[in-house]
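Okay, structure first, notes after.
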Amino acid sequence: MTAVAVGFFGMIGALLRYGMDEAIGRWWHGAFPIPTLIVNLLGCFALGWFTARIKARDDIHPYIKTGVSTGMIGSFTTFSAFSVETIQLLEKGAAGLAVLYVLASLLGGVLFVAAGFRSGTSRFGNGGMDP
Amino acid sequence: MIAVLLVGAGGFLGAICRYIVSQRLSRIYGRFPFGTLTVNLLGSFLLGWMIGGEWPESRLLLWGTGFMGAFTTFSTFKLESVNMWTNKAYGKMGLYLGMSYTAGILLAFAGYSLAKIATMR
């Protein structure tokens, strides 16, 4: 049953990613894969925040909690597009941009998870990464 | 409109498959996030294969943007890495990050190149 909840929320996450990719792709036409980077970093912040603020709450059904974190935020962000975009940059001979993309994802992802987590713990102080 | 249906259906299935693989693998190897690592590496190879094989747009929306996009995940991977850092498991974190990025990009390249070779024939 949890799997169905993950699927339902996963559908929403995938559609949000697609919508954002399309929207950002309307004004960004450069070689650098800005849409995936923005989606991934935003998702990292959201998952950090959710883990800190919502995960420990017992008034929210586990289906919803796993659905939103694993399903929606998990499907909103993506790793496969990141890998393929990196090799496409390398194929175009844009090695500098490829390195920049990997570093921005590597460091940015960690920073955005940490920032989200911090913002989730700051105001009410409930929850924790290891409750 | 049809694009929304394709991406939505792919996302639904991809998320369920990721959840099942993660559950199975975390039960077998509890201490290391092999579930996330497996879906990310497998998904990188398969998406590389699809893009290299120049799949038509509707198939790419369903299986690429929808399924592989949801099957693989970036946020959980990063959260797990940050948790390792918080637990002072720095070696494990380095291994996890190193393996994900190195093998992910290499496997995407392998899938992409293999599809290019296959379609040339």
Side-chain angles (χ1 to χ4, degrees), chain A residues 2-19 21-22 36 39-48 51 66-67 69-88 90-91 98 102 105-106 108-110 112-114 116-117 129-130, chain B residues 3-4 6-20 22-23 36 39-48 50-52 61 64-79 81-83 85-87 93 97 100-101 103-109 111-113:
Chain A
T2 311
V4 178
V6 168
F8 175 75
F9 282 97
M11 180 182 74
I12 297 173
L15 286 172
L16 286 173
R17 168 165 42 78
Y18 177 64
D21 277 351
E22 291 286 298
T36 308
V39 160
N40 278 344
L41 296 183
L42 215 59
C44 282
F45 185 91
L47 190 61
T51 304
T66 310
S69 58
T70 305
M72 193 171 91
I73 306 174
S75 298
F76 179 64
T77 64
T78 186
F79 190 81
S80 50
F82 157 77
S83 305
V84 172
E85 285 160 352
T86 304
I87 62 158
Q88 284 177 319
L90 290 171
E91 197 193 26
V102 172
S105 301
L106 175 68
V110 169
F112 273 74
V113 165
F117 192 84
M129 222 178 277
D130 295 298
Chain B
V4 169
L6 292 169
V7 172
F12 181 82
L13 294 174
I16 291 185
C17 289
R18 168 163 49 80
Y19 178 71
I20 292 170
S22 296
Q23 290 289 100
T36 310
V39 295
N40 279 347
L41 298 189
L42 189 64
S44 294
F45 177 84
L46 292 172
L47 187 67
M50 293 171 192
I51 303 284
L61 283 172
T65 311
F67 190 95
M68 288 308 156
F71 183 62
T72 63
T73 184
F74 188 80
S75 49
T76 304
F77 157 57
K78 285 295 163 185
L79 181 71
S81 312
V82 170
N83 274 332
W85 176 269
T86 315
N87 296 329
M93 184 193 72
L97 288 171
S100 298
Y101 281 102
I105 292 167
L106 284 175
L107 282 166
F109 180 69
Y112 187 81
S113 313

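Keep in mind that what you see is a predicted model, and the values were worked out from it rather than measured. Protein chains get the first letters and strands the later ones, always in sequence-line order, with residue 1 at the start of each.
Taking CZ of A:Phe79 as the reference point, atom OG1 of B:Thr36 lies at 11.0 Å (rounded to 0.5 Å). Here B:Ser75 contributes atom OG and A:Phe112 contributes atom CZ; the two are 13.5 Å apart, rounded to the nearest 0.5 Å. Expressed to the nearest 0.5 Å, how far CG of A:Leu41 lies from CZ of B:Phe74 amounts to 6.5 Å. The distance from atom CG of A:Leu15 to atom CG of B:Leu6, rounded to the nearest 0.5 Å, is 10.5 Å. To the nearest 0.5 Å, the span separating OG1 on A:Thr66 from OH on B:Tyr19 amounts to 6.0 Å. Taking OG1 from A:Thr2 and CD from B:Gln23, the interatomic distance works out to 7.5 Å, rounded to the nearest 0.5 Å.
In this structure, A:Thr77 and B:Lys78 have side chains that are not in contact, with every pair of non-hydrogen atoms separated by 4.5 Å or more.
In terms of heavy-atom pairs under 4.5 angstrom with chain A, the leader among B:Gly14, B:Ala9, B:Ser44 is B:Ser44. Counting heavy-atom pairs closer than 4.5 Å to chain B, the top residue among A:Ala14, A:Gly10, A:Ser80 is A:Ser80. Here B:Phe12 is the residue among B:Phe71, B:Phe67, B:Phe12 with the most heavy-atom pairs under 4.5 Å with chain A. For chain A, the option among B:Gly66, B:Gly111, B:Gly104, B:Cys17 with the highest count of heavy-atom pairs below 4.5 Å is B:Gly104. In terms of heavy-atom pairs under 4.5 Å with chain A, the best-connected choice from B:Gly10, B:Gly52, B:Gly43, B:Gly8 is B:Gly8. Per-residue heavy-atom pair counts under 4.5 Å with chain A were compared for B:Thr76, B:Val4, B:Ile20, and the maximum is reached by B:Val4. Ranked by heavy-atom pairs shorter than 4.5 Å toward chain B, the options A:Phe9, A:Phe8, A:Tyr18 are led by A:Tyr18.
Nearest heavy-atom pair, B:Thr72 versus A:Thr78, reported as atom, atom and distance to 0.1 Å: OG1-OG1, 3.0 Å.
No part of A:Ile12 comes within reach of chain B, as not one of its non-hydrogen atoms sits under 4.5 angstrom from that chain. Proximity to chain A (any heavy atom under 4.5 Å) is shown, for B:Ile105, by both the backbone and the side chain. Both the backbone and the side chain of A:Ser105 come within less than 4.5 Å of a heavy atom of chain B. Interface residue A:Thr70: backbone and side-chain heavy atoms are both found under 4.5 Å from chain B. Contact annotation for B:Ser22: neither backbone nor side-chain heavy atoms come within less than 4.5 Å of a heavy atom of chain A. The part of B:Phe77 that comes within reach of chain A is its side chain, from C-beta onward, which places non-hydrogen atoms under 4.5 angstrom from that chain. Looking at B:Leu61, the atoms closer than 4.5 Å to chain A (heavy atoms on both sides) all sit in the side chain, from C-beta outward.
In B:Tyr101, the OH atom is crowded: over 12 heavy atoms of neighbouring residues, nucleotides or ligands sit closer than 6.0 Å.
Between the side chain of A:Ser83 and the backbone N or O of B:Ala108, no donor-acceptor pair lies under 3.5 Å.
With sequence neighbours excluded, the residues satisfying side chain to side chain donor-acceptor pair (under 3.5 Å) with B:Tyr112 are A:Glu91. Here A:Phe76 pairs with nothing under the ring-ring contact (aromatic ring centres under 6.0 Å, His included) rule; sequence neighbours left out.
For the side chain to side chain contact (heavy atoms under 4.5 Å, CB included) test with B:Val82, the passing option among A:Leu47, A:Val110, A:Thr51 is A:Val110; the others fail.
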